[in-house]
Participant: 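Please read through the structure below; I'll follow up with questions.
Note that the structure is predicted; figures quoted are calculated from it, not measured. For this chain, numbers begin at 1 and follow the sequence in order.
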Amino acid sequence: MQPINSDKAPAAVGPYSHGVRTGNLFYSSGQVPLTLEGKIVSDDVAEQAKQVLDNIGAVLETAGLGYSNIVKTTIFIADMNDFAVINEVYAKYFTGKLPARSCVEVSRLPLDAKVEIEIVASFE
């Protein structure tokens, strides 16, 4: 297992890595909408979704991957009523072959974020 951390993504808010490589797979920790300074980007769910996906992009880049390498995403949202807005932002990051995806509403996210996303990517 090879831990991967990016200096272009906000620091982890606990004792974990941004992601890990094991074999040909990369697993990310959940990313919340933090800026590099460690602040929630905005209260707006669209801006939060964009920040989360940008953070994922930074971690992927450090791992030598891109969005096209993602095979599975899991989206956690605080309010299912935000699904359409998050989906609209998400669609700007994924074109062509789309990864598998799950989306679940949760009662609360770290730092009271509105969205958190984790991914699995392949080095193949």
Participant: Asn5 and Ser17: which non-hydrogen atoms are nearest, and at how many Å?
Facilitator: OD1-CA, 3.4 Å
Participant: Sub-3.5 Å donor-acceptor pair from the side chain of His18 to the main-chain atoms of Pro3, do we have one?
Facilitator: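 Looks like no, no N/O pair under 3.5 Å.
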Participant: After noting the C-alpha distance and the side-chain angles of Gln2 and Val20, does the key distance pass the side chain to side chain contact (heavy atoms under 4.5 Å, CB included) rule?
Facilitator: CA-CA 5 Å; Gln2 175 188 358; Val20 295; over 6 Å; no
Participant: More than 12 foreign heavy atoms under 6.0 Å from CG of Asn24: is that the case here?
Facilitator: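 Yes, because the 6.0 Å sphere around CG of Asn24 holds more than 12 heavy atoms from other groups.
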Participant: Is the closest side-chain heavy-atom distance between Ile70 and Leu60 below 4.5 Å?
Facilitator: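 Answer yes - side chains close enough.
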Participant: Under 3.5 Å, side chain of Asn55 to main-chain N/O of Val32, donor-acceptor pair present?
Facilitator: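 Yes: the side chain of Asn55 pairs with the backbone of Val32.
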Participant: Enter the distance from Ser6:OG to Ile56:CD1 here, rounded to the nearest 0.5 Å.
Facilitator: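 That separation rounds to 12.5 Å.
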Participant: In terms of side-chain heavy atoms, does Tyr67 have a donor or acceptor partner in Thr95 at a distance below 3.5 Å?
Facilitator: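 Checked: Tyr67/Thr95 side chains show no N/O donor-acceptor pair below 3.5 Å.
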Participant: Could you tell me whether the side chain of Ile75 reaches within less than 4.5 Å of the side chain of Val104, counting heavy atoms only?
Facilitator: no
Participant: Check whether Phe94 forms a cation-pi arrangement with Arg101 (NZ or CZ under 6.0 Å from the six-membered ring centre, at most 45° off the ring normal).
Facilitator: no
Participant: Between Asp79 and Phe83, does a side chain to side chain contact (heavy atoms under 4.5 Å, CB included) hold up when you go through it step by step?
Facilitator: CA-CA 8 Å; Asp79 185 346; Phe83 179 83; over 6 Å; no
Participant: Considering the options Ile119, Val52, Asp54, Leu53, which one meets the side-chain contact (heavy atoms from CB on, under 4.5 Å) requirement together with Gln31?
Facilitator: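 Of all the options given, the one that passes is Val52.
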Participant: Could you tell me if the side chain of Leu109 sits less than 4.5 Å from the side chain of Glu116, heavy atoms only?
Facilitator: yes
Participant: Which atoms form the tightest heavy-atom contact between Phe123 and Gly23, and what is the distance?
Facilitator: CD1-O, 4.4 Å
Participant: Let's go through Val115 and Asp82 carefully: what are the C-alpha distance in whole Å and the side-chain angles of both, what is the deciding distance for side chain to side chain contact (heavy atoms under 4.5 Å, CB included) to 0.1 Å, and is it a yes or a no?
Facilitator: CA-CA 9 Å; Val115 61; Asp82 291 332; over 6 Å; no
Participant: Where is the tightest heavy-atom contact between Ile77 and Ile86, given as atom of each residue plus distance?
Facilitator: CG2-CD1, 3.1 Å
Participant: Locate the shortest heavy-atom distance separating Thr22 from Tyr27; write the atom from each residue and the value.
Facilitator: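 Closest pair (atom of Thr22, atom of Tyr27, distance): CG2-CE1, 3.6 Å.
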Participant: Which atom names give the shortest non-hydrogen contact between Gln48 and Lys114, and what distance separates them?
Facilitator: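 Taking every non-hydrogen atom into account, OE1-N, 2.7 Å.
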Participant: Taking the side chain as C-beta and beyond, is there a heavy-atom pair between Ile4 and Arg21 under 4.5 Å?
Facilitator: yes
Participant: Look up atom CD1 in Ile117 and atom OG in Ser102, then write down how far apart they are to the nearest 0.5 Å.
Facilitator: 12.0 Å
Participant: Does CD in Glu88 sit with more than 12 non-hydrogen atoms of other residues, nucleotides or ligands closer than 6.0 Å?
Facilitator: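 Atom CD in Glu88 is not packed in, count stays at 12 or less.
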Participant: What are the two closest non-hydrogen atoms of Leu25 and Val120, and how far apart are they?
Facilitator: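 Result for this residue pair: CD2-CG1, 4.4 Å.
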Participant: How far does OG of Ser68 sit from NZ of Lys97, to the nearest 0.5 angstrom?
Facilitator: 10.0 Å
Participant: Decide yes or no for Leu34 and Ile40: does some side-chain heavy atom of the first lie under 4.5 Å from some side-chain heavy atom of the second?
Facilitator: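 Yes, their side chains come closer than 4.5 Å.
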Participant: Is there a chain of hydrophobic side chains (I, L, V, M, F, W, Y, each step under 4.5 Å between heavy atoms) that links Val89 to Val41?
Facilitator: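 In one cluster with Val89: Val41, no.
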Participant: Please answer: with hydrophobic residues joined when any side-chain heavy atoms are less than 4.5 Å apart, are Phe76 and Val59 in the same cluster?
Facilitator: no
